[in-house]
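Remarks on the structure that follows.
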Amino acid sequence: SSFLITLASQHLRSVGDCIKMADSAVAKKARVPQAQDFIKGWPNTDLLTYPQLKEDLKTSFEAFLNETAHGLNYGDKVNGAYNLGMPDFLQALATFLSEQYGKPCDWNTLMATGGSSMGTDICVRMYSKHGDYAVFEAPTYYLAHTMMRDAGLNLLEVPIQEDGMDMDALETVCKEQSGKVKLVYTVPVHHNPAGITMSNPKRERLLKLAKQYDFKIIADEAYQLLNFGPSGVLPLFYHDDPADPRVFSVGTLSKLIGPGTKVGWVQAYPAILKPLPNIGFINSGNNPVIFASSTLKQFITSGNLAKHVAHVSAVLAKKKNLMVEELKKAGLEPNNPGGGYFVWLKAKGKTTGRSGKGMSLENDAFADYMRLCFAWLNEEEIVEGIEYLSA
C-alpha cells in the first residue's frame with residue numbers, strides 16, 4: 001500500500017506540473033505587448049545610480065569643500081567676477097575637451113552655462129533682434145523654435161539631407177531675405193531627431209555662407225561626445241575663423257552625467273564669446289553655475305568623467321543596436337545613428353514614441369514619422385515596446 005501511495009503522489013505531481021506548464025504557455029500566448037514610453041529623452045536611472053558614478057561624484061563633492069571660498073562666491077580678487085564661469089572649472093573643462101577632440105581647446109574660448117538650452121538662448125538674445133530671421137533644418141529639435149519665437153524672430157527652414165543641411169537651399173533663402181537672416185541653427189552631429197551628422201565639406205561651406213551673408217551659427221552639439229564609434233567630425237567651432245568668428249558650439253554634460261547636472265558650455269572665439277554675459281540676468285546675478293560646475297571639477301580632472309563617458313556610450317550603443325534590430329524584425333526601416341539618444345523612422349500603421357508632428361514649421365510635414373528614445377527604457381521594455389508595433 002505504501003508503494004501505491006507513493007506512485008499516486010508522483011502521478012499527481014506530474015499532472016500538476018503539466019497543468020502549470022500548460023497554464024504558462026497559455027498565459028504567454030495570451031500576453032499582449034504594451035506600449036512603452038519612447039517619448040522621454042531621458043537617461044535610464046541605472047546610468048545615474050550605478051556605484052562607480054556615485055563613488056566618483058562623492059570624491060569630487062568632497063574635494064569641492066576645500067574650495068568653497070571660490071565656488072560659493074561671485075569671483076575672486078585675481079580674476080574678478082566669474083561671469084563667464086569659474087576659471088578653474090573652465091581650465092579643467094578645456095583640458096578634458098582637448099583630450100576628447102584631439103585638438104587644443106583654449107579655456108578662454110569657453111563660457112559655462114546651465115546646459116545647452118541656456119547656451120542657445122543667450123546666443124539668440126545677444127545676436128539677434130526682434131524681426132530678424134533665423135533658419136532651421138527640417139526636421140529639427142522642435143523646442144529651439146520656441147526659443148527663437150520668444151525672441152521675436154521670424155522662422156524659416158531648409159531640408160536636411162543625408163550629409164546634413166541643404167546648403168543650396170540655405171543660400172537661396174539668404175539671397176531672398178537680402179541680409180535679414182541673422183542666425184542659422186543646426187544640430188550638426190547625431191541630429192535630433194534625424195540622427196544625421198553634417199559632413200566636413202558642408203561644414204566648410206556653411207562657414208563660407210555665414211561670412212558671405214553675415215549671419216551667426218548656433219551649433220547645438222549636445223551629443224558631440226556621445227558616440228558609438230568615431231564620428232569623423234569636430235565641433236563646428238574648429239571650422240571657424242578667429243579673425244571673423246561666426247560659430248557658437250553649444251555643449252552640455254546633461255547627456256553624459258545627467259540632465260539634473262545643468263552644466264554646459266559655449267565654445268566660441270573671444271570676440272563673440274565675451275559679450276554673452278552682458279545679458280541682464282548674468283550681468284546682475286553672475287554666472288548661474290559657479291557652484292554646480294565647481295562640484296564637478298575634480299570629477300573631470302581625475303579622468304573619471306572620461307571613463308564615465310565611455311561607460312555611457314557603451315551602454316547606449318547596446319540599446320540602440322537592440323532597438324534597430326527589433327524594428328527591422330518588425331518590418332520597419334529605422335535609421336542607424338552613430339550616437340545620441342534617438343532612432344528616427346517612418347511609421348507603417350501603428351505608432352509609438354514622439355510623432356514628428358511639430359518638428360518642422362510645416363506642422364504635419366513629418367507627422368508620419370516616429371522619434372524613439374532608446375536611453376530611457378531597459379532592454380526588456382525596448383523589446384516589448386517594439387512588439388507592440390507589430391501586435
Side-chain angles (χ1 to χ4, degrees), residues 42-67 70-71 82 84-119 189-190 220-231 233-235 237-238 249-267 287-319 339-341 375:
W42 301 1
N44 186 280
T45 54
D46 285 352
L47 286 175
L48 310 179
T49 59
Y50 85 103
Q52 187 64 56
L53 175 64
K54 293 166 75 172
E55 181 181 329
D56 292 343
L57 287 178
K58 181 182 177 184
T59 301
S60 190
F61 296 163
E62 288 175 345
F64 162 74
L65 295 178
N66 295 318
E67 301 179 359
H70 293 166
Y82 297 157
L84 285 167
M86 183 182 177
D88 286 354
F89 168 75
L90 294 176
Q91 290 169 31
L93 178 63
T95 300
F96 167 74
L97 294 178
S98 296
E99 293 167 352
Q100 292 288 309
Y101 300 154
K103 291 282 264 187
C105 177
D106 183 347
W107 73 275
N108 292 294
T109 64
L110 297 174
M111 174 183 177
T113 67
S116 57
S117 293
M118 175 186 161
V189 60
H190 311 317
D220 186 343
E221 295 167 341
Y223 301 103
Q224 179 73 46
L225 297 175
L226 189 51
N227 300 299
F228 308 146
S231 69
V233 296
L234 291 167
F237 165 82
Y238 289 96
S249 278
V250 181
T252 183
L253 296 178
S254 292
K255 311 301 181 186
L256 307 175
I257 302 174
T261 308
K262 282 291 166 280
V263 175
W265 64 90
V266 174
Q267 186 177 13
N287 191 289
V289 295
I290 294 171
F291 170 74
S293 63
S294 297
T295 66
L296 297 173
K297 191 187 79 169
Q298 193 275 344
F299 184 56
I300 298 172
T301 59
S302 64
N304 288 330
L305 174 58
K307 293 175 186 175
H308 182 65
V309 170
H311 170 73
V312 171
S313 298
V315 169
L316 294 185
K318 185 179 178 184
K319 287 187 175 185
Y341 266 28

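Only this structure's heavy atoms are used, side chains among them; waters, hydrogens and symmetry mates stay out. We number each residue from 1, following the sequence as shown.
- You'll find the side chain of Ile257 reaches within 4.5 Å of the side chain of Leu296, heavy atoms only.
- In terms of heavy-atom proximity, Leu225 sits nearest to Val309 at O-CG1, 3.5 Å.
- Using a distance-only test at 3.5 Å, with no hydrogens or angles considered, a donor-acceptor pair links the side chain of Ser60 to the main chain of Thr295.
- Rounding to the nearest 0.5 Å gives a distance of 13.5 Å between NZ of Lys318 and CZ of Phe228.
- Contact check for Val312 versus Leu256: no side-chain heavy atoms found under the 4.5 Å cut-off.
- At least one side-chain heavy atom of Lys262 sits less than 4.5 Å from a side-chain heavy atom of Ser254.
- When every heavy atom of Pro288 is checked against every heavy atom of Met118, the shortest pair comes out as CG-CE, 3.6 Å.
- Residue-environment remark: CH2 (Trp107) exceeds the threshold of 12 foreign heavy atoms within 6.0 Å.
- Contact annotation: the side chain of Lys307 never approaches that of Asp56 to less than 4.5 Å [non-hydrogen atoms, C-beta and beyond].
- Atom NE2 of His308 sits about 9.0 Å away from atom OG of Ser313, to the nearest 0.5 Å.
- Taking the side chain as every heavy atom from C-beta outward, Lys297 and Glu67 approach each other to under 4.5 Å.
- Between Phe89 and Ile290 the shortest side-chain heavy-atom distance does not fall below 4.5 Å.
- Between the side chain of Ser249 and the backbone N or O of Phe237, at least one donor-acceptor pair lies under 3.5 Å.
- Judged purely by atom type and a 3.5 angstrom limit, Ser231 uses its side chain to pair as donor or acceptor with the backbone of Val233.
- A distance of 10.0 Å separates CG in Leu53 from CG in Leu305, rounded to the nearest 0.5 Å.
- Between Tyr238 and Tyr101, the two ring planes are perpendicular [angle over 60°; tilted spans 30° to 60°].
- Taking the side chain as every heavy atom from C-beta outward, Tyr341 and Leu226 approach each other to under 4.5 Å.
- To the nearest 0.5 angstrom, Ser293 atom OG is 7.0 Å from Asn287 atom CG.
- With a 4.5 Å cut-off on side-chain heavy atoms, Leu110 and Leu97 count as touching.
- Shown here for Gly71 and Ser294, the closest heavy-atom pair between the two residues is CA-OG, 3.6 Å.
- Minimum interatomic distance between Val263 and Ala292 (heavy atoms only, all atoms of both residues): CG2-CB, 3.8 Å.
- The structure places SG of Cys105 at 11.0 Å from CG of Leu234, a figure rounded to the nearest 0.5 Å.
- The distance from the CG atom of Asn304 to the CD atom of Gln52 is 7.0 Å, given to the nearest 0.5 Å.
- Here the shortest heavy-atom pairing between Ala222 and Lys255 reads O-CG, 3.8 Å.
- Minimum heavy-atom separation, Ala112 to Val289: CB-CG2, 3.8 Å.
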